[in-house]
There are 2 protein chains.
Amino acid sequence: MREESARSERRQRHASIVDVAALAGVSPSTVSRSLRGHENVSPATRQRVADAARELAYTVSPHGSGLASGRTGTVGVVVPFVTRWYFANAVAGAHDALHAAGFDVLLYHLGDSPSRDRFFERMPLARRVDAVLTLSMPLTDAHTLALRALDMPLVTLGARLDGVSSVRIDDQAAARSAVHHLLHQGHEDIAMITAREDDPGFGFVAGADRLQGYRTAMAAAGLPEDVVTARTYGIEGGAEAMTRLMERGRLPSAVLAEYDEVAIGVLRTLRRSSVPVPARISVIGVDDHEMASVLDLTTVAQPVQEQGALAARLLLDQLDGQAEGPVDLVVPTTLVVRSSTGPPSQS
Amino acid sequence: MREESARSERRQRHASIVDVAALAGVSPSTVSRSLRGHENVSPATRQRVADAARELAYTVSPHGSGLASGRTGTVGVVVPFVTRWYFANAVAGAHDALHAAGFDVLLYHLGDSPSRDRFFERMPLARRVDAVLTLSMPLTDAHTLALRALDMPLVTLGARLDGVSSVRIDDQAAARSAVHHLLHQGHEDIAMITAREDDPGFGFVAGADRLQGYRTAMAAAGLPEDVVTARTYGIEGGAEAMTRLMERGRLPSAVLAEYDEVAIGVLRTLRRSSVPVPARISVIGVDDHEMASVLDLTTVAQPVQEQGALAARLLLDQLDGQAEGPVDLVVPTTLVVRSSTGPPSQS
DNA sequence: GGCCCTCCTGCAAACGTTGGCAGGCTCGTG
DNA sequence: CACGAGCCTGCCAACGTTTGCAGGAGGGCC
């Protein structure tokens, strides 16, 4: 009791716009206009207001402002797993661009499929944000419906959505270029490891496209497909899938992993089984994960932070009303050859 | 013109609490109370309100609510670099705990030292959040002052701050236990690589403590110190520092890295120089980074997501007024022995 | 049957800002 | 000197909730 009242007394209320107005000797409206550099405010007034605001350490209340203007100054960034390299980097890129433009970032870390469903059902974004950025998520129809219903600027990263701007790489081409690299080195027995294609609960939505690229490239070369689907995502998934691949008896001469984390899992299994890379088997991934350089993993690199920033920029354009309609930005990838790939063994 | 008016017409305004009230045949106050399950509302009314709200797809406006109640339902999470494994995991842990408690997470990705300063000067957190969680950041006095001035619940992760609750590991003990492991294997020539100790712009604030732990353990064993400071953080820093260490001519028999990413950089340099690990040199880190298992890196593991969740819980307790005063939660670490450490070579 | 208490509900006043509207002042021009 | 055109500025009505206060209805107890 006693303590509580003491505490609430000590907690000095924030200065409000009327306090600033009083101190500056003007009306609240003038303060509002002045502080936002809006319309025509005389330099003298502007100065007085600025001084008063600084003296009172005034910050505009997002609630008051949001209520009156209908804008929140906040963008929602929706991501399945921040802990994964790709997402963390995309979030960082997007955050920095948005923050620089004066927007706050509300992070929604969705996790697995069921929590994802719950999220889209409750749609907590409704009135909290001005725009939404979704990162490479496998979206069900219900999800996209919920997103569209928000009726606000929307950009997707790493995935296509009808009528929505997006930033991504050409996943099919990336996979093809990986396959071509292997073909070029003389491989003919190339397996692909995908991450849970059928139940996309955890996967990158890009998986299907990369698989398609692999198929196209193999078919064009007249070679048979060999696809293994990991039972879980990331390193563990790759490790487990590679184990299964080895248990089949006959080892392919090269493996294309859907993304680098899978490839890293593959490498771990191979090392533990003392299968030499690339002497006995070549491994290639997609992403150019931070660790690829450490593990000497050959990979098809994509610029992740840049894509995040690009997506943010698209969002900002839409918020400015500058946007011409949805665009689909496809950024280039580059093959980074390291020593996890090489010519197949003679045998 | 035409288009625009068409668009704004189509954009159906959100249902407000008075719409719900009208539909349910009650007053807005009753809707408010009912929806928050607050005071006593008759079951019949509660049901009618719930139905009306569902029918209109009503969501409370955070702005209206925030303005009236003074609460934001939002927690600010401040992090230097989300792209780093430790931070991404801590953010994930904290987010999930906060989200489960009904809070939104405003992410502030600060980056390097200058942007950090700018952030704390402008203090955009002021009226947007109910509480703040800062993740292992080296905070200057100006920073902590700005944080305290917010006068709201505050928790730090991976760092101590006077009068503020914190969650962390015992960094000195972690480093000591790493050194003891090496001593136990017979090493006497143990170097430590720290990440930019003097200018903590990028580093974990824990670095100083880990260094201290190393010093204490070495002194207790009667062995001389050998400290190398990396010029940048993470993998690249570790790689570069190891290069310098090798250029000195005499190689230590073991290296303790301030954290796993540094150790990973060390391993990269060693592999590229064909220095066998652990035959010629042992390497140990701290964290148990996701990649440690892939690289067979011996390390002192700490539970990162759990610490994030724990920190969130502390924050929630403070928001509930349950907190007894600041606590300093120290979670245990475990030595995970893999094959990057072994007895020193006979030579 | 009357009185008091409890339970439920409505009223109205905040909360802090924005933006349309209108009015006053100043300055330039004829 | 009069008139018109800008510039600046203030007034006021939102925006959507929460919450203290008060009042009405219904039920239990004597």
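Letters A, B, ... mirror the listed sequences (proteins, then strands); counts begin at 1.
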Selection from [options] that lies nearest to any side-chain heavy atom of [X]:
X        : options                   : result
Thr30(B) : dT17(C), dT18(D), dT9(C)  : dT9(C)
Arg36(A) : dG19(C), dT17(D), dC7(D)  : dG19(C)
Ser16(A) : dT18(D), dG10(D), dT17(C) : dT17(C)
Leu67(A) : dG16(C), dT17(D), dC11(C) : dG16(C)

At less than 4.0 Å, is any side-chain N or O atom of [X] found next to OP1 or OP2 of [N]? Yes or no.
X        : N       : result
Ser65(A) : dT18(C) : yes
Ser32(A) : dT17(C) : no
Ser27(B) : dG10(C) : yes
Ser42(B) : dC7(C)  : no

Whole Å only: how far is the [atom1] atom of [X] from the [atom2] atom of [N]?
X         : N       : atom1 : atom2 : result
Leu56(A)  : dG16(C) : CG    : P     : 14 Å
Arg128(B) : dC15(C) : CZ    : P     : 21 Å
Ile17(B)  : dA14(C) : CD1   : P     : 19 Å
Arg71(B)  : dG16(D) : CZ    : C1'   : 15 Å
Leu35(A)  : dT9(D)  : CG    : P     : 14 Å

Once you apply a heavy-atom cut-off of 4.0 Å, does [X] come out as touching a base, just sugar-phosphate, or nothing?
X         : answer
Arg46(B)  : nothing
Ser29(B)  : base
Arg127(A) : sugar-phosphate
Ser34(B)  : nothing
Val31(A)  : nothing

Under 3.5 Å side-chain donor-acceptor pair for [X] and [Y]:
X         : Y         : result
Ser32(A)  : Ser29(A)  : no
Ser61(A)  : Arg127(B) : no
Thr72(A)  : Asp130(A) : yes
Asp328(A) : Ser166(A) : yes

Flag the pair Asp51(B) and Arg54(B) as a salt bridge only when some basic side-chain nitrogen lies within less than 4.0 angstrom of an acidic carboxylate oxygen.
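Yes, charged N to carboxylate O under 4.0 Å.
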The answer to which of His63(A) and Arg48(B) contacts DNA chain C further toward the 5' end, by nearest nucleotide, is Arg48(B)
Suppose we call a contact any N or O donor and acceptor under 3.5 Å apart; does that hold for the side chain of Arg33(A) and the base of dG10(D)?
yes
